[in-house]
Protein chains: 4
Amino acid sequence: MTDQSVNSSMRKNKKAKILESSLALFSQKGYHASTIEEIAKAAGVGKGSVYNYFESKESLLKALIFETILEAVEWMDSDHDGVITEQEFFQVIRKSKKWLIKNRKFLILYYSIVTQPKVNIILEKELWQILEPHMKKAEDFFRHHGFADPVAELRFFFAMLDGISVNYVVDPNNFPLDHAVDRLIKYYEGLLQNDAPNR
Amino acid sequence: MTDQSVNSSMRKNKKAKILESSLALFSQKGYHASTIEEIAKAAGVGKGSVYNYFESKESLLKALIFETILEAVEWMDSDHDGVITEQEFFQVIRKSKKWLIKNRKFLILYYSIVTQPKVNIILEKELWQILEPHMKKAEDFFRHHGFADPVAELRFFFAMLDGISVNYVVDPNNFPLDHAVDRLIKYYEGLLQNDAPNR
Amino acid sequence: MTDQSVNSSMRKNKKAKILESSLALFSQKGYHASTIEEIAKAAGVGKGSVYNYFESKESLLKALIFETILEAVEWMDSDHDGVITEQEFFQVIRKSKKWLIKNRKFLILYYSIVTQPKVNIILEKELWQILEPHMKKAEDFFRHHGFADPVAELRFFFAMLDGISVNYVVDPNNFPLDHAVDRLIKYYEGLLQNDAPNR
Amino acid sequence: MTDQSVNSSMRKNKKAKILESSLALFSQKGYHASTIEEIAKAAGVGKGSVYNYFESKESLLKALIFETILEAVEWMDSDHDGVITEQEFFQVIRKSKKWLIKNRKFLILYYSIVTQPKVNIILEKELWQILEPHMKKAEDFFRHHGFADPVAELRFFFAMLDGISVNYVVDPNNFPLDHAVDRLIKYYEGLLQNDAPNR
DNA sequence: CATGAATGAGCGTTCATTCAT
DNA sequence: CATGAATGAACGCTCATTCAT
């Protein structure tokens with residue numbers, strides 16, 4: 001057992017603890033309803049300390065989101081060769097499921113933020129810079145498989161993932177996640193093997 | 001119709017104006033970030049007047065949501081015979097698209113609310129009472145078409161709708177709504193016509 | 001049975017009803033905590049009507065107080081000959097007791113008002129004009145009975161009455177009103193019959 | 001003592017300053033008519049600071065009342081032997097006078113509060129717990145002096161004190177406090193020395 | 001006169017942020 | 001860096017008062 005694996009609350013650094021407790025609170029009560037004092041208390045630090053690590057409540061939110069997004073991108077994109085194979089495509093879906101389960105709290109927060117235009121605009125630009133290269137690769141994947149409109153195809157694909165995702169995070173105990181992911185995989189298996197029609 | 005009844009701004013009654021402006025603001029800035037004063041000003045009424053029509057900010061939110069949900073249910077469920085035919089099923093999808101476009105603001109609000117557990121709990125129970133009978137009918141539809149797990153099937157179906165919905169409302173200018181709806185329709189056409197495999 | 005004796009709520013005029021219900025509410029919840037709307041509702045009239053009879057909430061309060069004070073003065077001072085006899089003096093005490101019981105609500109209000117300097121100043125002057133002549137007569141009573149400082153004597157006498165009064169109105173069920181009034185009467189009987197010492 | 005500890009206005013701690021200024025305002029304008037902002041300003045602190053020391057305006061009021069009551073009980077009851085002698089009884093009266101003068105503001109507030117049933121109920125129970133043991137002792141005093149109804153006797157005694165008290169605090173410049181206290185003392189001297197009649 | 005919808009000043013309270021220690 | 005007392009802008013909400021009907 002390495003030193004880092006010692007249980008969370010024991011010796012994580014303060015910044016990480018603050019991120020952790022703010023994620024827990026934001027996802028549970030919402031961003032506005034969570035106070036800096038609660039976050040600090042949950043992180044086991046003083047209220048003022050939060051401001052030693054983050055400029056403001058809003059920048060804490062941003063940091064939280066980017067941290068997880070970057071982590072996710074990293075995690076998904078294990079192969080950096082710039083091309084997505086069919087095998088990798090289905091791999092991503094399966095990985096998504098695991099990631100979804102692990103990052104439920106984050107996703108709740110993410111969807112509640114992303115649905116607020118005023119807030120969304122702030123994130124949008126920066127997020128896009130991170131995600132764009134990966135999107136391009138995914139577009140190419142659909143393009144190379146002969147889809148007439150790979151951009152639309154990609155957005156539809158993400159819509160399906162979002163649909164599953166949002167339903168799972170909101171109701172993790174009842175939503176049939178396995179069933180849904182299976183359906184999605186079967187769907188794209190059919191679509192990709194198929195000769196032409198749906199493209 | 002007397003002269004006084006043609007008063008200023010289109011003579012919509014105040015309650016309706018308040019609902020309208022609060023929907024606009026809630027969907028744009030979020031529930032918490034919108035203030036009663038803004039809502040009142042946008043509705044062209046005094047701050048205190050809001051409280052002549054709604055008990056509190058929260059009850060205004062609730063009213064807003066239930067009003068639209070009930071309208072939607074009514075609108076979707078034109079045929080009250082208790083059974084959904086295949087034709088009606090595809091009809092619902094097509095109607096959904098129109099409703100989505102018309103109720104974009106509402107949906108933004110809805111998704112931002114539904115992803116906040118604390119708030120969600122308040123709505124959940126009451127909403128469920130309204131929606132349950134319709135869900136049962138939809139379940140029966142899948143059951144009668146030979147699906148092994150109609151409940152899961154239904155949730156998957158709604159996940160797909162949610163996926164399209166949430167992507168459209170967040171980015172209406174770029175999301176390929178028609179493409180996505182077409183894909184969805186084709187998918188279910190395949191699934192329903194098919195002899196067995198996917199069920 | 002005369003026409004006026006028909007039960008209160010039946011055909012009292014509106015002004016009287018408003019005075020009645022405001023007294024009930026003011027004494028129960030306090031002046032500030034009672035709203036015009038409550039008063040109006042309790043009086044069975046519209047909110048706006050209160051303003052047809054009284055200029056403001058404050059003037060309603062004033063009217064309430066002066067009305068009862070004048071009534072009380074009238075009631076106490078049945079004999080207008082300008083002189084208080086010993087018999088009349090004890091009569092007043094006994095009458096006070098009855099009045100106390102009848103006007104408990106008023107007295108609660110009165111004491112809560114009189115203990116607020118800012119408010120009290122408003123009343124003080126006007127009240128004094130009403131009460132002064134009667135006070136003079138009472139002073140003379142003590143003076144004629146040989147008290148060295150009739151003004152102080154009078155104030156002490158009223159302090160005793162106030163003491164009994166405030167204790168009774170605050171706790172009418174437990175305060176031994178009869179006992180207290182008896183003590184007071186005996187005390188003054190002793191004082192007045194006595195030859196000299198206490199004066 | 002460091003230099004910083006001699007800060008501005010006498011370095012009374014903030015909580016004490018807030019209590020002081022709220023007492024001044026409550027007694028002058030009444031509880032409801034005094035605002036937190038005024039209190040804060042008078043105490044030389046920010047509005048928000050009041051809430052660092054007191055949960056709410058109401059709890060500030062309660063703190064104010066209990067603080068003084070407890071102090072008073074302590075002050076009056078110097079001898080804790082559980083028995084009141086005749087000498088101590090008269091001592092209490094004389095002490096009361098001094099306390100009255102010192103705590104005029106408090107008493108104005110106290111009487112204005114105690115005459116509002118709704119508010120009174122909140123205090124009543126807690127106050128009673130503090131005062132009860134002392135009342136019992138006073139009851140015993142009257143009992144041991146042969147009074148037929150010591151409970152009533154005690155209440156009458158407090159009524160007399162209240163009468164003097166309320167008249168003094170409302171009109172401290174004109175009310176003949178010394179005269180009244182003398183009268184009261186003489187009265188009880190007579191009553192206690194006397195053989196029997198009045199008991 | 002009677003009414004109650006409309007109003008906005010003003011309240012108690014919250015909370016992100018600052019800063020002296 | 002760490003802290004939490006101090007702050008005041010800003011909020012939701014109340015209610016005395018007005019006024020069109």
Side-chain contact check for B/Lys47: nearest option of F/dC1, F/dC13, E/dT13 is F/dC13
Between B/Lys14 and E/dA6, does any side-chain N or O lie under 4.0 Å from OP1 or OP2? yes
Are any of the side-chain heavy atoms of B/Ile130 and B/Leu70 separated by less than 4.5 Å? yes
The criterion is side chain to side chain donor-acceptor pair (under 3.5 Å); which residues satisfy it with D/Tyr111, sequence neighbours excluded? D/Asp162, D/Ser165
Nucleotide nearest D/Tyr51 when distance is taken to its side chain, options E/dA5, F/dG12, E/dT14: E/dT14
Counting heavy atoms from C-beta on, name the nucleotide in F/dT17, F/dC1, E/dT3 closest to the side chain of C/Ser49. E/dT3
First locate atom OG of B/Ser49, then atom NZ of B/Lys14, and finally report the distance between them rounded to the nearest 0.5 Å. 5.5 Å
Expected output: side-chain C/Asn103 to main-chain C/Phe106 donor-acceptor under 3.5 Å: no
Scan for salt bridge (charged side-chain N to carboxylate O under 4.0 Å, His left out) pairs involving residues 30-42 of chain A, sequence neighbours excluded, and state none if there are none. A/Lys29-A/Glu38
Would you classify C/Phe54 as touching base, sugar-phosphate or nothing, given that sugar-phosphate means primed atoms plus P, OP1 and OP2, and contacts are heavy atoms under 4.0 Å? nothing
Between the main-chain N or O of B/Ile39 and the side-chain N or O of B/Ser22, is there a donor-acceptor pair closer than 3.5 Å? no
For the helix from E/dA2-F/dT21 to E/dT21-F/dA2, measure the angle between the helix axis at one end and the axis at the other, each built from five pairs, rounding to 10°. 0°
Provide the full list of salt bridge (charged side-chain N to carboxylate O under 4.0 Å, His left out) pairs with a residue in residues 56-67 of chain B, sequence neighbours left out, each pair given once. B/Lys62-B/Glu126
Can you tell if the side chain of B/Leu19 reaches within under 4.5 Å of the side chain of B/Leu23, non-hydrogen atoms only? no
Would you indicate whether B/Tyr110, at its atom OH, is surrounded by more than 12 heavy atoms from other residues, nucleotides or ligands within a distance under 6.0 Å? no
Look at the side-chain N and O atoms of A/Asn52 and state whether any lies under 4.0 Å from the OP1 or OP2 oxygen of F/dC1. no
Have a look at B/Val45 and say if it touches a base, only the backbone sugar-phosphate, or nothing, with a 4.0 Å heavy-atom cut-off. sugar-phosphate
Here the residues of residues 21-29 of chain A within 4.0 Å heavy-atom distance, strictly under, of DNA chain F are none
Give, ordered by number, those residues of residues 33-42 of chain D having at least one heavy-atom distance below 4.0 Å to an atom of DNA chain E; if nothing qualifies, reply none. D/Ser34, D/Thr35, D/Ile36
